[in-house]
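Everything below concerns the one structure shown next.
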Amino acid sequence: MEDVELTFHDDALSAIARQAIERKTGARGLRSIMEGILLDTMYDLPSLEGVEEVVISEDVVEDKDARPLYIYSDRK
C-alpha cells in the first residue's frame, strides 16, 4: 500500500462533507466515513501489483456498490 497515491475528485470531497453534516459528526465521524469508503481498497490493495493511484469519485462515496478506480503503472 505504500507509494500508492490516493486521489479524491472534488465532488467526492463534497459528498463526504455532506454525509458528515447529515450525521452531525466531527472528526471521528469523518474517519468513519473514510474507513467505510476505503475498507475494501485497504483489504485488496496489498495483493494487487502495480497500482500507482486509487481515485475516489462521488459515485464511490454515495454508492456502496461503486468501486474506486485503480490506475496501474506501465509494465515494461
Side-chain angles (χ1 to χ4, degrees):
M1 258 187 340
E2 293 178 18
D3 298 324
V4 175
E5 186 171 334
L6 179 60
T7 304
F8 288 86
H9 288 176
D10 289 340
D11 57 355
L13 293 173
S14 296
I16 292 167
R18 278 194 305 274
Q19 284 185 15
I21 291 167
E22 288 170 7
R23 295 180 186 185
K24 298 180 181 174
T25 58
R28 286 192 178 132
L30 284 173
R31 178 181 175 182
S32 173
I33 292 167
M34 295 298 292
E35 285 177 345
I37 294 166
L38 295 172
L39 184 64
D40 289 339
T41 300
M42 290 187 293
Y43 178 78
D44 294 338
L45 203 55
S47 64
L48 300 174
E49 289 187 29
V51 176
E52 281 188 341
E53 182 178 4
V54 176
V55 181
I56 307 297
S57 67
E58 182 180 23
D59 290 337
V60 175
V61 174
E62 294 185 348
D63 180 6
K64 297 295 182 190
D65 293 328
R67 303 282 296 171
L69 174 65
Y70 295 156
I71 298 177
Y72 289 83
S73 61
D74 291 332
R75 295 187 179 155
K76 297 177 182 177

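Only this structure's heavy atoms are used, side chains among them; waters, hydrogens and symmetry mates stay out.
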Are [Y] and [X] co-members of a hydrophobic cluster defined by side-chain heavy atoms under 4.5 Å apart?
| X | Y | value |
| --- | --- | --- |
| V51 | M42 | yes |
| V4 | V60 | yes |
| L69 | L45 | no |
| L38 | V61 | yes |
| I37 | I71 | no |

From T25 atom OG1 to I33 atom CD1, the distance as rounded to the nearest 0.5 Å: 5.0 Å
Rounding to 0.5 Å, atoms CG (L39) and CG (D44) come to a distance of 9.0 Å
Once side-chain hydrogen bond (donor to acceptor under 3.5 Å, both in side chains) is applied, do any residues pair with [X], and if so which ones, sequence neighbours excluded?
| X | value |
| --- | --- |
| E58 | R18 |
| E35 | R31 |
| E52 | none |

Contacts of D40 meeting salt bridge (Lys or Arg N to Asp or Glu O under 4.0 Å) (sequence neighbours excluded), chain-then-number -> R67
Could you go through residues 5-14 and list every donor-acceptor pair under 3.5 Å that involves a side-chain atom there, pairing it with any protein atom two or more places apart or in another chain?
| unit_1 | atom_1 | unit_2 | atom_2 | d |
| --- | --- | --- | --- | --- |
| T7 | OG1 | E53 | OE2 | 2.5 |
| S14 | OG | D10 | O | 3.3 |

Residues which pass side-chain contact (heavy atoms from CB on, under 4.5 Å) with D65, listed by chain and number, not counting sequence neighbours: D63
